[in-house]
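Report on one structure; see the data block that follows.
Just so we're on the same page: letters track the sequence lines, and every chain starts at 1.
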Amino acid sequence: MTSSQEKSNQYLSSAVKRIQPSGIRKFFDLASSMDNIISLGVGEPDYSTPWNVREASIASLERGITSYTANAGMLELREAISRYLENEFETLYNPSDEIIVTAGASEAIDLALRATVNPGEEVLIVEPSFVSYAPLVSLVGGVPVPVATSIENGFKVTAEQIERCVTEKTKAILLCFPNNPTGTIMSKLELEKVAAVIKRHDLLVYSDEIYAEMTYDNQHVSVPSLDGMWERTILISGFSKAFAMTGWRLGYVTAPSHLASGMLKIHQYAMMCASTMAQYGAIEALKNGKEEMLEMIESYRQRRNFFVSSLKEIGLTCHKPGGAFYAFPSIESTGLSSEAFAEKLLFDERVAVVPGNVFGAGGEGHIRCSYASSLSQLEEAVERIDSFLGKIR
Amino acid sequence: MEKEMELLRLLEKNGRMPVITIAKMLDLTVEKVEERMSDLEKRKVILGYSGIVDWTKVDSPEGITAMIDVKVQPKRGVGFDEVAERIYRFKEVKALYLMSGTYDLSVVIEGTTMSEVGQFVSEKLSTLESVLSTTTHFQLKKYKHDGVVFEDGDEDHRIVVSP
């Protein structure tokens, strides 16, 4: 490190110094510098936002509606979110004081953690998990505690696993189903067993349900809809995945009013409000976006079937993901670490995947492949992975 | 039934999709898909498999497409069906629809030159006994056809790896 870097670093907080840059970033930098890449590393839909949603946003601009909205978001949008959650997932939130519109689900997670975690408190994180959870817990002074799941159990977390990780410092648990990166979903019965432990230890739950709509073979079960869970759950969701609106940065967080008001304090100081034009688009998405959303989801389901079955054909063990748009095959049979596998695959065959180890405990020995790509790209990717496996085995 | 609808939607989007791919996507065996496709063909649910071609991109005479609004005198007992049949039997006619509104039939025809289309209208269509009047519209440019957008950039704007 040069002396000027050392000097600059003295200004960084120790919390920031402690956290590591995302492992995904490294692969982004590598893959971006190469040509002719087939990318299965993308965590977003391959569709553009439906036209009616774009048009609603354009119309708001044309009408000159470019001012701030209420801190919690436009009431019309919060009402639409409330109706949507009630109709689709049987969870009821009061639009006046239990819903906050955020700059993406990412801000919603940050708000939830910042509003509730005290330094030294432990937050259980079911892993493999989205890359930002543990660092965000650390940034607020909390202690992320991994609860590792594995392919043997289809990456489902059990009540016993949670029980083993609870200590007197445990404050909360972070759940994400359908899961990024494994695509795992939980049935109502399985979630109820987990909920029983959570209730017994009086834990708070952060439930990231951003992929809820993308649940293919079963109905999605929303954590706050379970008996005795609403009052202890902060629900996180958004528009990025289901409505193909990743770049709009629009999400929401819902919780009982005393928790929501705590989060709102941070949101009003840190963010003021989410983007106004994006909020207009979101209202249209919730009111008239279902048909197109269902078409997109049907296509993801078909591509999941195709991709997972093709991976198995070329000899990679892969559980059938019940949701999201990721497959998480095991690459253990190759003898390579997930990072070495991903790097070699990228250089040798120009296929970008994300190594499983960046998603925490239990992710090693796997790679995350997004199947939100065109069928022809998926076909080509499978061929290239097959040829790669032939060379290294 | 649900799988049948799914199969039809897939084929409508891409009639050339290999059966093995369809089977994987629908979680069915190849034999099952072949069986269903052949059944759908027999029942005339699937009427054919065609490609959508952007003729402007190949070195060949582009052809002229016209849409003709036709007003006809329906006949007792057979309504519009008899005249419709006489019209759709012409090889130049690519599509024919019975419409509500000012006109009764909408005829889509394709010819190699504008005069060929004109000749068809004046000599074959207008001279039919039941035809009262015709209005011909020539197609100038194809933006979207059968749900497919022409000249649509299919560029992937996403970054190569993202969370």
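In this structure, no portion of B:D156 lies under 4.5 Å from any heavy atom of chain A. In this structure, the portion of A:E298 lying under 4.5 Å from any heavy atom of chain B is its side chain and not its backbone. Using a 4.5 Å cut-off between heavy atoms, A:K312 does not touch chain B at all. When heavy atoms are compared at a cutoff of 4.5 Å, A:Y371 does not approach chain B at all. A:L40 does not touch chain B: none of its heavy atoms, backbone or side chain, sits under 4.5 Å away. The parts of A:I24 that come within reach of chain B are both its backbone and its side chain, each placing non-hydrogen atoms under 4.5 angstrom from that chain. With a 4.5 angstrom heavy-atom cutoff, B:L10 touches chain A only via side-chain atoms. Contacts between A:S48 and chain B at a heavy-atom distance below 4.5 Å are absent for every atom of the residue. A:N180 touches chain B through its side chain: at least one heavy atom from C-beta onward sits under 4.5 Å away, while N, CA, C and O do not.
For the residue pair A:H319 / A:T184, a side-chain donor-acceptor distance below 3.5 Å is found, with atom types taken as modelled. Looking at B:K75 and B:S130, their side chains never bring a donor and an acceptor atom within 3.5 Å of each other. Looking only at atom types and distance, the side chain of A:S299 has a donor-acceptor partner in the side chain of A:R303 under 3.5 Å away. When only modelled atom types and interatomic distance are considered, A:W248 and A:S240 share no side-chain donor-acceptor pair under 3.5 Å. Using modelled atom types, one finds a donor on one side chain and an acceptor on the other under 3.5 Å when comparing A:K241 with A:Y211. For the 3.5 Å distance criterion, the side chains of B:Y49 and B:E41 qualify, holding a donor opposite an acceptor.
Each of A:T246, A:D46, A:V354 has some count of heavy-atom pairs under 4.5 Å with chain B, and the biggest count is that of A:D46. Counting heavy-atom pairs closer than 4.5 Å to chain B, the top-ranked of the candidates A:R368, A:R25, A:E379 is A:R368. With chain B as partner, the option from A:A352, A:G43, A:S32, A:S22 having the largest number of non-hydrogen pairs under 4.5 angstrom is A:G43. Put simply, of A:S132, A:S309, A:S370, A:S106, the one with the most heavy-atom pairs under 4.5 Å next to chain B is A:S309.
Listed by chain and residue number, A:Y133 satisfy the ring-ring contact (aromatic ring centres under 6.0 Å, His included) test with A:F130 (two or more places apart in sequence, or in another chain).
At least one side-chain heavy atom of A:F325 sits under 4.5 Å from a side-chain heavy atom of A:P45.
We find the CG-OH distance between A:L136 and A:Y206 to be 11.0 Å, quoted to the nearest 0.5 Å.
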